[in-house]
Asker: 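Below are the structure tokens for one structure; questions will follow.
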Amino acid sequence: MRIVDLLSKERIVLQTSAADKDSVIDLMVDLQNTGGALKDKEAYKKAILAREAQTSTAIEAGIAVPHAKSESVLRPCLSAVTLRQGIEYGALDGQPSDLFFMIAAPLDGDLHLEILSHLMVLLMDPKFVADLRAAEDPDAFLRIIDQAESAKYGSQQPEHAASTKKVPMHQPSTGYRVLAVTACPTGIAHTYMAAEALEKAGEKLGIPLKAETNGSGGAKNVLTDEEIAAADGIIVAADKNIEAGRFHGKRVLFVPVSDGIHKAEALIQKIESGDVPVYQHNGSVMHTESEHRKEGFGRQVYKHLMNGVSHMLPFVIGGGILIALAFLLDDPSIDPTNFGMNTPAAAFFKTIGGVAFNFMLPVLAGFIGMSIADRPGLAIGFVGGSLAAVGTSFWTISGSAEAIPAGFLGALLAGFAGGYFMLGLRKICDRLPRSLEGIKPILIYPVLGVLFIGVFMCLVNPIMGALNTGLTNFLNSLGGSSKLLLGAVLAGMMSIDMGGPFNKAAYVTGTGAIATAAAAGAPSTDIAYQMMAAVMIGGMVPPIAIALCTSFFKKKFTPDERKSGVVNYIMGLCFITEGAIPFAASDPLRVIPACVVGSAVSGALSMLFNCGLMAPHGGIFVFPLVTNVWGYVLALAAGSVISMLLLAVLKKNRPQE
């Protein structure tokens, strides 16, 4: 399949006008709907807006390529628009965009990525872009694309483009002299543009060059070990992490992906000059120089933490819900001291859920350590997390004290301490003779790493355990205004960025609290479960409030917004806060404050009514597990209505045509 097979003249509009980004998206979505390619236009538009909320799909030179995969797409298709006057679309060069291609793709397969790679390569040619802008009618527009694609790729199909790429005729028998790896955060536009620019520059300079693209559909045109060994050097033009261990001992030049587009010849010449340091892989996941320049230490710590949390959550969610079901199915009158295990059904769920929960702290610490120090950090983190879970110390080993689990905080410390220790150990071991290279990963790293984390955790576990116990006692002692304030803050944080760092910080606080409480066998009335209830209710309010506002204050929204707003009833009830993102992105100064206030009110009321939740996710489906469920429903309704009314007051009426 080729570009022209997906783009018909009915889906092309030339030399038109658009007031803003929303207008041109509406136009292109309508064009995509032509010919029955979509079964749900509004759902597809929602997917487009969600993709734009991540980062703008505008690239340089006045071009934008909005795209999305959605179950509402029946078959892949393209639409195209050119504007007489460009509009602001968030391009990296700050220039207005006037040439648009929109790609619709079904969920099954990555055909749209292959088509997109072809399209992005063609758009690197200024003459091709100028001809498209000057096209007089859709037939001429299609003819220009067909001729350019045939000249560039012949009859080659996109599905095989990466694997059947032709080798330059002047390539020597020894292989490519320069290699390259390109990658951008979204893995689409700039990834392919940089690869094309570098290969063109290599052809111009007479230097054979092969570029590997690390796109969102996976790595293509992958560099082989033989090519790496024979190359003069490697250019890594990337703005995200790539696997660089394979380049150990080679001359490697790390640059931003934009340099691969704009400074391709200079980069190749620098590699050939030999003025590039030899890369020594330290065993960690590689971070490009550009990423280090943009990220501070705090941001790096946050990324390591999120790596651990993301791997931990399946154990927390699965185990937490099963444990909560055990309490729901049990009869406390049989034996109050054995609540959760009195009946066979309850014992089954409690046992399975407990096993899942027991993996939580080792997985958290292990994947924090792995994020810092790659695979050697994984084992050390697992051991440290396990020691934190049982509270092992020198005093408990000797029998002179009772073990106090260090809990969530101890596992965090174990992950970071173990990861950074292994990172330092690997740097030290790089100075050892090469003859010892083979025994480092199988003997030196695991033995010294496990020994270190064992000594470290035995020393700090009593401190972390006392801190954890003190924090739990303090939270349980909260009452009145202090307790309400805690619920309001946690719930309000869930609405500040709806999936961003504030949202994640509040969610991690809630899940960490219930993890510690469950490990300690705390009763369902524990403050930790009330914190989790406040967190979840805070995340449910924004989409529900927006859905209510689109239903009862219709003039505040466009017809398309009203149609997509209905979906937020479902997303809100399922605890999917991200359903509110398109509305917040289009009007953040009004939507976000209104949602934060409503979420904070719900969180405070949830605390006031002593609502507790032992499951870390699930929305309305885990309401049967909530203590004082009717108080919880009232708190949710109150916060949602308050946010709805604030939205109605703050938002202006929108055009209805």
Side-chain angles (χ1 to χ4, degrees), residues 22 42 46 49 53 481 483-500 502-503 506 533-609 611 613 619-620 623 626 628-657:
D22 289 340
E42 296 306 322
K46 189 176 183 64
L49 293 176
S481 59
K483 183 177 174 181
L484 300 187
L485 179 61
L486 176 62
V489 170
L490 288 174
M493 288 174 66
M494 293 295 292
S495 291
I496 293 177
D497 49 8
M498 302 177 188
F502 284 97
N503 177 283
V535 166
M536 190 172 82
I537 206 171
M540 296 174 71
V541 165
I544 293 176
I546 287 171
L548 288 170
C549 201
T550 58
S551 299
F552 294 102
F553 298 92
K554 298 181 179 180
K555 292 184 179 180
K556 304 294 180 179
F557 302 90
T558 65
D560 288 339
E561 286 175 332
R562 292 201 301 270
K563 293 175 183 176
S564 60
V566 176
V567 179
N568 275 286
Y569 282 116
I570 300 173
M571 301 189 78
L573 292 174
C574 294
F575 184 33
I576 303 176
T577 316
E578 288 81 359
I581 287 178
F583 294 86
S586 64
D587 194 5
L589 295 180
R590 296 179 177 87
V591 173
I592 292 177
C595 290
V596 169
V597 171
S599 291
V601 170
S602 284
L605 290 175
S606 176
M607 284 287 191
L608 178 65
F609 299 146
C611 301
L613 175 63
I620 194 172
F623 272 26
V626 175
N628 190 10
V629 64
W630 293 114
Y632 201 60
V633 171
L634 178 60
L636 176 62
S640 300
V641 170
I642 288 173
S643 283
M644 176 195 71
L645 295 175
L646 285 174
L647 281 170
V649 171
L650 294 175
K651 286 183 69 68
K652 299 178 180 179
N653 290 345
R654 297 292 300 274
Q656 300 303 302
E657 296 296 332

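Note: hydrogens, waters and symmetry copies are ignored here, and every other heavy atom, side chains too, is used.
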Asker: So, using ring-ring contact (aromatic ring centres under 6.0 Å, His included) as the criterion, who are the partners of F623 when residues are at least two apart?
Answerer: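 Here the qualifying residues are Y632.
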
Asker: Residues two or more places apart in sequence or in another chain: which of them pass side-chain contact (heavy atoms from CB on, under 4.5 Å) with D22?
Answerer: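 For D22 the side-chain contact (heavy atoms from CB on, under 4.5 Å) partners, ignoring immediate neighbours, are D20.
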
Asker: Which residue pairs satisfy the side chain to side chain donor-acceptor pair (under 3.5 Å) criterion with at least one member in residues 596-605, sequence neighbours excluded?
Answerer: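 Sorted pair list: S495-S599.
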
Asker: Just by modelled atom types, is the N653 backbone N or O under 3.5 Å from a matching donor or acceptor in the K555 side chain?
Answerer: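 No, the answer is negative, given that no donor and acceptor are paired below the 3.5 Å cut-off.
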
Asker: For a quick test of reading the model, state the closest non-hydrogen atom pair linking G631 to C611 and the distance between them.
Answerer: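 Looking at all heavy atoms of both residues, the closest pair is C-SG, 3.8 Å.
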
Asker: Measuring from I620:CD1 to L636:CG, what's the distance to the nearest 0.5 Å?
Answerer: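 Reported value, rounded in 0.5 Å steps: 8.5 Å.
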
Asker: Not counting sequence neighbours, which residues clear side chain to side chain donor-acceptor pair (under 3.5 Å) with S643? List them please.
Answerer: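 S643: no side chain to side chain donor-acceptor pair (under 3.5 Å) contacts found.
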
Asker: For residues F557 and R562, report the shortest heavy-atom separation together with the two atoms involved.
Answerer: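 Minimum heavy-atom separation between F557 and R562: O-NH1, 3.3 Å.
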
Asker: After noting the C-alpha distance and the side-chain angles of V649 and L645, does the key distance pass the side-chain contact (heavy atoms from CB on, under 4.5 Å) rule?
Answerer: CA-CA 6 Å; V649 171; L645 295 175; 5.6 Å; no

Asker: Indicate the atoms forming the closest heavy-atom contact of A604 with L484, along with that distance.
Answerer: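 So the two residues come closest at O-CD2, 3.2 Å.
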
Asker: Considering residues at least two apart in sequence or located in another chain, which fulfil the side-chain contact (heavy atoms from CB on, under 4.5 Å) criterion with A600?
Answerer: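 Checked A600 against side-chain contact (heavy atoms from CB on, under 4.5 Å); matches are A488.
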
Asker: List in chain and number order the residues that pass side-chain contact (heavy atoms from CB on, under 4.5 Å) with L634, two or more places apart in sequence or in another chain; answer none if no residue qualifies.
Answerer: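 Scan of L634 (side-chain contact (heavy atoms from CB on, under 4.5 Å), adjacent residues dropped) gives F609.
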
Asker: Could you list all the salt bridge (Lys or Arg N to Asp or Glu O under 4.0 Å) pairs where at least one residue sits in residues 629-651, not counting sequence neighbours?
Answerer: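 For residues 629-651: D587-K651.
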
Asker: If you take all heavy atoms of L647 and V591, which pair is closest and at what distance?
Answerer: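 Here L647 and V591 meet closest at CD2-CA, 3.7 Å.
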
Asker: Determine the minimum heavy-atom distance between A506 and M494, stating which atoms define it.
Answerer: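 Answer, listing the atom of A506 first, then M494: CB-SD, 3.8 Å.
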
Asker: Using every non-hydrogen atom in the two residues, find where L490 and V535 come nearest and quote the distance to one decimal.
Answerer: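 Shortest heavy-atom contact: CB-CG2, 4.1 Å.
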
Asker: Can you tell me how far the CG atom of N628 sits from the CG atom of L608, to the nearest 0.5 Å?
Answerer: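 Between N628 CG and L608 CG, I get 10.0 Å after rounding to 0.5 Å.
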
Asker: Ignoring hydrogens and angles, write down the donor-acceptor pairs under 3.5 Å from the side chains of residues 537-551, residues two or more places apart or on other chains.
Answerer:
residue	atom	partner	partner atom	Å
T550	OG1	I546	O	3.3
T550	OG1	A547	O	2.7
S551	OG	A547	O	3.0
S551	OG	Y569	OH	2.8

